[in-house]
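Note sheet for the following structure.
Reminder, nothing fancy here: chain letters follow the sequence lines and each chain counts from 1. Not measured: the values here are computed from a predicted model.
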Protein chains: 2
Amino acid sequence: MGITKTEHFTDEQNELAILAKAIGHPARIAIIQHLIKVNSCVCGDIVNELPLAQPTVSQHLKELKNAGLIKGNFEGNSICYCLNEEGFNKIKGFFQQVNTHLENRKNQCC
Amino acid sequence: MGITKTEHFTDEQNELAILAKAIGHPARIAIIQHLIKVNSCVCGDIVNELPLAQPTVSQHLKELKNAGLIKGNFEGNSICYCLNEEGFNKIKGFFQQVNTHLENRKNQCC
DNA sequence: TATATATATCGTAATATTGCTATATAAAAA
DNA sequence: TTTTTATATAGCAATATTACGATATATATA
């Protein structure tokens with residue numbers, strides 16, 4: 001098929017998957033890393049930073065935005081982008097659970 | 001195309017993307033959550049836990065294993081799965097950087 | 001050894017993703 | 001108002017992913 005059976009999973013599981021999937025591309029990792037470095041910048045800077053055509057970058061930005069991982073605001077002629085806490089806070093809890101688990105389990109692994 | 005230009009990104013960016021992408025499916029989130037809950041279990045338990053056919057689950061397990069997020073060891077007739085610290089440790093640093101950034105930036109966002 | 005049980009692989013259909021060129025839109029500057 | 005600059009969208013080709021039934025493999029038990 002190629003179609004994910006989202007209806008059989010919980011909202012939380014689907015939401016976490018959407019967030020992780022959005023992060024799961026090297027171009028989008030690069031965008032996030034760049035925004036960490038410069039705090040905020042206009043779209044054009046990201047286009048210059050990446051080895052991809054402008055429409056492709058625009059598409060990646062859209063996906064990050066839809067997932068709630070970045071925000072974009074008009075700033076004169078261009079659009080200023082920065083990280084969106086909301087999205088990252090949602091995944092934070094998941095990885096904290098993983099870490100707590102990994103720290104607490106001693107040699108109970110198979 | 002449909003082909004990611006991995007050669008234009010750093011090894012770290014590609015590695016992080018592979019890990020996030022592996023997590024980016026509700027079935028694989030469900031598998032990880034189940035392993036957190038029960039510490040370790042055999043493949044069949046996961047098949048029973050998920051609303052997917054056995055070959056589909058097997059495929060998801062393979063992807064998590066290839067990404068280094070779970071480990072599987074023979075245990076008699078069946079295979080025992082548990083989380084693999086290695087993979088999760090690799091993403092940990094990335095999210096720590098994100099969190100540090102989000103905490104430190106005040107209203108410097110656009 | 002033969003059979004049962006557990007898991008993986010093959011092959012395939014449906015759908016999604018990636019990346020591009022061409023083009024549209026929208027704000028700013030001339 | 002026209003032009004420039006910045007970003008988004010449409011449309012498309014190549015490739016990847018998801019899911020399944022059928023089947024292979026591999027260990028354990030009888």
Side-chain angles (χ1 to χ4, degrees), chain A residues 1-9 13-14 17-31 34-35 40-67 70-82 110, chain B residues 1-9 13-14 17-31 34-35 40-67 70-82 110:
Chain A
M1 278 117 217
I3 188 162
T4 297
K5 293 185 149 185
T6 48
E7 69 276 15
H8 295 317
F9 298 97
Q13 285 164 344
N14 285 317
I18 285 170
L19 288 161
K21 196 174 179 181
I23 299 173
H25 190 287
R28 297 194 289 265
I29 293 277
I31 291 171
H34 187 67
L35 288 176
S40 74
C41 67
V42 294
C43 174
D45 294 338
I46 297 171
V47 171
N48 292 331
E49 196 69 20
L50 297 195
L52 297 169
Q54 177 268 320
T56 308
V57 173
S58 190
Q59 198 171 275
H60 284 303
L61 288 169
K62 194 180 175 185
E63 283 176 66
L64 286 170
K65 202 173 162 189
N66 286 343
I70 65 171
K71 283 189 287 189
N73 292 303
F74 278 92
E75 188 172 275
N77 206 4
S78 35
I79 295 174
C80 180
Y81 281 103
C82 66
C110 49
Chain B
M1 278 116 214
I3 187 161
T4 296
K5 292 185 151 186
T6 48
E7 69 276 14
H8 295 317
F9 297 97
Q13 286 165 343
N14 285 316
I18 286 170
L19 287 161
K21 196 174 180 182
I23 299 174
H25 189 287
R28 298 195 287 266
I29 293 276
I31 291 171
H34 186 66
L35 288 177
S40 74
C41 68
V42 294
C43 175
D45 294 338
I46 298 171
V47 172
N48 291 331
E49 197 69 21
L50 297 196
L52 296 170
Q54 178 268 321
T56 308
V57 173
S58 192
Q59 199 171 273
H60 284 304
L61 288 170
K62 194 181 173 183
E63 283 177 65
L64 286 169
K65 202 174 162 188
N66 286 343
I70 64 171
K71 283 189 287 190
N73 292 303
F74 278 92
E75 190 172 272
N77 207 2
S78 34
I79 295 175
C80 181
Y81 280 104
C82 65
C110 49

Which of residues 51-62 of chain B sit near DNA chain D, with a heavy atom under 4.0 Å from it?
-> L52(B), A53(B), P55(B), T56(B), Q59(B), H60(B)
CA sep, side-chain torsions, deciding dist, call: Y81(A), L61(A), side chain to side chain contact (heavy atoms under 4.5 Å, CB included) = CA-CA 9 Å; Y81(A) 281 103; L61(A) 288 169; 3.8 Å; yes
Considering just the side-chain nitrogens and oxygens of Y81(A), establish if one lies under 4.0 Å of OP1 or OP2 belonging to dA6(D).
-> no
Report the residues that fulfil side-chain contact (heavy atoms from CB on, under 4.5 Å) with S58(A), sequence neighbours left out, ordered by chain and then residue number.
-> Q54(A)
Separation of E63(A) atom CD from dG19(C) atom C1', in whole Å?
-> 12 Å
Atom CD1 of I18(B) and atom P of dT17(C) are separated, to the nearest Å, by 18 Å
Would you say N73(A)'s side chain and C80(A)'s backbone share a donor-acceptor pair under 3.5 angstrom?
-> no
Could you give all pairs that pass the salt bridge (Lys or Arg N to Asp or Glu O under 4.0 Å) test and reach residues 73-82 of chain A, with sequence neighbours left out?
-> none
Searching all strands shown, indicate the nucleotide that pairs with dA30(D) (Watson-Crick or G-U wobble; both distances under 3.5 Å).
-> dT1(C)
Verdict with reasoning, C110(A) to K71(B), per side chain to side chain contact (heavy atoms under 4.5 Å, CB included) | CA-CA 8 Å; C110(A) 49; K71(B) 283 189 287 190; 5.8 Å; no
Could you give the CG-to-C1' distance, from L64(A) to dT18(C), as a whole number of Å?
-> 14 Å
Donor-acceptor pair, R28(B) side chain versus H60(B) backbone, under 3.5 Å?
-> no
To the nearest 0.5 Å, what is the distance between SG (C82(B)) and CD1 (I70(B))?
-> 8.5 Å
Which ones in residues 21-31 of chain B lie close to DNA chain C, meaning a heavy atom under 4.0 Å from one of its atoms?
-> none
Atom pair distance, as rounded to whole Å: CG in N66(B) and P in dA8(C) | 11 Å
Figure out the CD1/P separation between I79(B) and dT5(C), and round it to whole Å.
-> 18 Å
Under the disulfide (SG to SG under 2.5 Å) test, residues paired with C43(A) that sit two or more places apart | none
Shortest non-hydrogen contact from P26(A) toward T4(B) = CG-CG2, 3.6 Å
When you check every protein heavy atom under 4.0 Å of nucleotides 24-30 of chain C, what one-letter string (B, S, -) results, 5' to 3'?
-> ---BS--
Could you tell me how the ring of H25(B) sits relative to the ring of F9(A): parallel (under 30°), tilted (30 to 60°) or perpendicular (over 60°)?
-> perpendicular
Might you point out which heavy atoms bring A27(A) and L50(A) nearest each other, and give the distance in Å?
-> O-CD1, 3.9 Å
